[in-house]
Amino acid sequence: MLKPVYALVDCNNFFVSCERVFRPDLWDKPVAVLSNNDGCIVARSNEVKALGIPMAVPYFKVSDVLKQNNVTLFSGNFQLYGDFSQRVTQILQQESPDIEVYSVDESFLEISSLPIKDYEAWARTLKAKIFKWTGIPVSIGIAPTKTLAKAAADFAKKNESTEGGFSIVGDDTKHLELLKWLPIGDVWGIGWRTTPKLQEYGIRTAYDISLASDTWVQSQLNIRGVKTAHELKGESCYELESNNEPQKSIAHTRSFPHAVRNYYELEGAIATFAAQTAAKLRSQQELAGAVMTFLRTSKYTKIQHSGSHVVTLLPPTAETGKIVAAALEGLQAIYDPDFGYKKGGITLFDLKPRAAWQLELGGNIADIDRQAALMATIDQLNNHYHTRLVRHAIEHTERSDWRSRQQQRSPNYTTNWAELPIIKAS
DNA sequence: TCTGGGGTCCTAGGACCC
DNA sequence: TCTGGGGTCCTAGGACCC
């Protein structure tokens with residue numbers, strides 16, 4: 001059995017890079033992408049990082065600095081980014097069938113069985129191909145564990161001399177160099193909460209924690225912390241995860257641009273969220289066994305209030321009508337007119353594959369099939385028109401307080417015919 | 001009324017990731 | 001005025017049982 005070799009392919013400044021594909025004029029200019037509601041910064045070009053703008057900072061806190069430095073802003077166009085993500089993934093799938101799509105902008109490959117002589121040369125070739133075919137720059141880290149591969153990709157991204165590819169496989173010197181270079185807070189699995197705690201004990205780098213004993217790490221962190229430390233030493237604890245594993249929950253939550261007190265408004269929002277999750281559920285051929293509705297006031301005000309309520313779906317279902325009804329039942333249970341709500345959402349859980357359930361419980365098959373056909377038709381229409389053309393009346397979508405702001409969204413260049421870029425001959 | 005230990009199961013909240 | 005969204009996993013603590 002070969003020792004595993006993991007490659008992490010990480011798209012640089014992903015959302016910014018997607019926007020730049022269609023705006024080459026911005027290639028070397030400062031660019032940032034905003035979250036929903038244009039609330040936070042969720043992607044920054046190197047130029048913006050150099051200004052000291054941190055990740056996920058609220059936009060209003062840095063709007064002055066951004067203006068002074070002529071930063072071009074985009075509202076998040078997540079449909080566009082999803083499309084680019086798929087294009088990059090397709091290229092990686094050709095490279096190796098052993099792939100885990102870890103997030104929208106990162107994938108792990110297991111490459112020990114590939115005939116590669118020089119891992120860094122391989123990485124640079126792959127990087128060039130991805131850039132040529134999609135316009136997205138990537139960094140690639142190669143190591144005997146996933147945690148080290150993440151660190152190596154980080155190193156590649158921040159050190160130009162690597163030309164975007166860094167491998168520590170079979171090289172103890174580079175392994176050690178990487179550990180000593182990596183700040184403890186940048187280790188995969190060590191977050192903002194535990195970083196200061198570890199620093200108090202003098203643990204400042206990945207190297208420091210790789211020296212700590214299992215019992216000590218377990219007592220300060222948890223079992224995952226122990227695994228992380230082992231992975232840093234080069235002992236693989238996390239395998240490639242297949243993307244075939246079914247999801248455990250589906251959520252749709254939104255912050256509202258203003259506090260919403262009106263029940264009718266909240267009803268429209270919750271119904272819309274429920275319908276959206278139901279459509280996603282169906283696209284995955286699954287049924288939900290429960291739906292949770294939640295509301296909360298702003299996290300940043302004195303008065304705090306939140307509530308959630310779970311409604312069981314028996315039998316499990318993927319029908320929009322039933323899921324919306326259950327979500328609204330939850331809403332009624334938690335709604336309190338004394339509060340203005342800033343955020344709300346729904347989560348579907350106890351998910352099960354549709355096929356398995358039908359065999360197991362039977363039920364009225366004819367009725368289920370009729371409903372399924374109706375849902376399929378609605379999904380087809382909505383998918384075709386890339387909009388929620390057909391919907392329940394209660395999902396009122398007229399101008400409402402809860403609708404997100406998106407003031408600077410770029411066109412859906414690649415997923416909507418109407419927004420295709422136009423090249424003018426001159 | 002006081003005194004237990006040990007086991008399981010469930011849930012809420014926390015921490016982490018991108 | 002303005003502070004993201006969608007996930008997973010782990011743990012502590014409560015409820016319950018014997």
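To find a chain, count down the sequence lines: A is the first, B the second, and so on, and within it residues start at 1.
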Original post:
Does a side chain donor of either S75(A) or D38(A) reach within less than 3.5 Å of an acceptor in the other side chain?
Top reply: yes
Subject >> Between P of dC17(B) and NZ of K146(A), the distance in whole Å >> reply: 14 Å
Original post:
Cationic tip of K129(A) within the cone over W133(A)'s six-membered ring, i.e. under 6.0 Å and within 45° of the normal?
Top reply: yes
**OP:** Grab the CG-C1' distance between L73(A) and dG4(C) for me, whole Å please.
**Re:** 15 Å
**OP:** Taking atom CZ of F131(A) as the centre, report whether more than 12 heavy atoms of other residues, nucleotides or ligands fall under 6.0 Å from it.
**Re:** yes
Subject >> Closest to the C40(A) side chain, choosing from dG4(C), dG7(C), dT11(C) >> reply: dG4(C)
**OP:** Have a look at V187(A) and say if it touches a base, only the backbone sugar-phosphate, or nothing, with a 4.0 Å heavy-atom cut-off.
**Re:** sugar-phosphate
**OP:** Round to the nearest Å and state the distance from I190(A) atom CD1 to dC9(C) atom P.
**Re:** 18 Å
Original post:
Under 4.0 angstrom, heavy atoms only, what part of the nucleic acid is D38(A) near: base, sugar-phosphate, or nothing?
Top reply: nothing
Original post:
Does a side-chain N or O from H252(A) land closer than 4.0 Å to OP1 or OP2 of dG5(C), or not?
Top reply: no
Original post:
Out of dC18(B), dG6(C), dC10(C), which nucleotide sits closest to the side chain of K280(A)?
Top reply: dG6(C)
**OP:** Figure out the CZ/C1' separation between F78(A) and dG4(C), and round it to whole Å.
**Re:** 8 Å
**OP:** Report yes if a side-chain nitrogen or oxygen of R254(A) is closer than 4.0 Å to either non-bridging phosphate oxygen (OP1 or OP2) of dG6(C); otherwise report no.
**Re:** yes
Subject >> Y207(A) six-ring centre to K180(A) NZ/CZ under 6.0 Å and within 45° of normal >> reply: yes
Original post:
Between residues 192-213 of chain A and DNA chain B, which residues have a heavy-atom gap below 4.0 Å?
Top reply: W192(A), R193(A), T194(A)
Subject >> Nucleotide of dG4(C), dC18(B), dG6(C) approaching K150(A) most closely (side-chain heavy atoms) >> reply: dC18(B)
**OP:** Examine dT3(C): is either OP1 or OP2 under 4.0 Å from a nitrogen or oxygen in the side chain of S298(A)? Give yes or no.
**Re:** no
Original post:
Taking the side chain of I250(A) as its heavy atoms from C-beta onward, which of dC9(C), dG6(C), dG7(C) lies nearest to it?
Top reply: dG7(C)
Original post:
Thinking salt bridges, do K174(A) and E120(A) make one under a 4.0 Å N-O criterion?
Top reply: yes
**OP:** Please report, rounded to the nearest Å, how far the P atom of dG5(C) is from the CE atom of M55(A).
**Re:** 14 Å
Subject >> Point-to-point distance, once rounded to the nearest 0.5 Å, from CG of L109(A) to CG of L114(A) >> reply: 8.0 Å
Subject >> Nucleotide of dT11(C), dC18(B), dG6(C) approaching T253(A) most closely (side-chain heavy atoms) >> reply: dG6(C)
Subject >> Closest to side chain of Y102(A), choosing from dT11(C), dG7(C), dC17(B) >> reply: dC17(B)
Subject >> Selection from dG7(C), dT11(C), dG4(C) that lies nearest to any side-chain heavy atom of S35(A) >> reply: dG4(C)
Subject >> Watson-Crick/G-U partner (both atom distances under 3.5 Å) of dC18(C) >> reply: dG5(B)
Subject >> Heavy-atom neighbours of Q94(A) CD exceed 12 at 6.0 Å >> reply: yes
**OP:** Establish, yes or no, whether a centroid distance under 6.0 Å links the rings of F78(A) and F15(A).
**Re:** yes
Subject >> Interatomic distance, R224(A) CZ vs dG14(B) P [rounded to whole Å] >> reply: 19 Å
Original post:
For the side chain of W188(A), counting heavy atoms from C-beta on, which of dC18(B), dG4(C), dT3(C) is nearest?
Top reply: dC18(B)
**OP:** Please figure out whether K248(A) or K342(A) has its closest DNA chain C nucleotide nearer the 5' end.
**Re:** K342(A)
**OP:** Please determine if a side-chain N or O atom of S255(A) lies less than 4.0 Å away from the OP1 or OP2 oxygen of dG5(C).
**Re:** yes
Original post:
Toward the 5' end of DNA chain C, which comes first, Q247(A) or Y300(A), by nearest nucleotide?
Top reply: Y300(A)
Original post:
Starting at CD of E241(A) and ending at C1' of dC16(B), how long is that distance when rounded to a whole Å?
Top reply: 14 Å
Original post:
At under 4.0 Å between heavy atoms, what does L34(A) touch on the DNA or RNA strands: base, sugar-phosphate, or nothing?
Top reply: nothing
Original post:
Would you say Y59(A) stacks on dC2(C), if stacking means ring centres under 5.5 Å apart and planes within less than 30 degrees?
Top reply: no
Original post:
Considering only the C1' atoms, how many Å lie between dC17(B) and dG4(C), rounded to the nearest integer?
Top reply: 15 Å
**OP:** Figure out the CG/P separation between N222(A) and dC17(B), and round it to whole Å.
**Re:** 12 Å
**OP:** Please check if atom NZ in K49(A) has more than 12 non-hydrogen atoms from other residues, nucleotides or ligands closer than 6.0 Å.
**Re:** yes
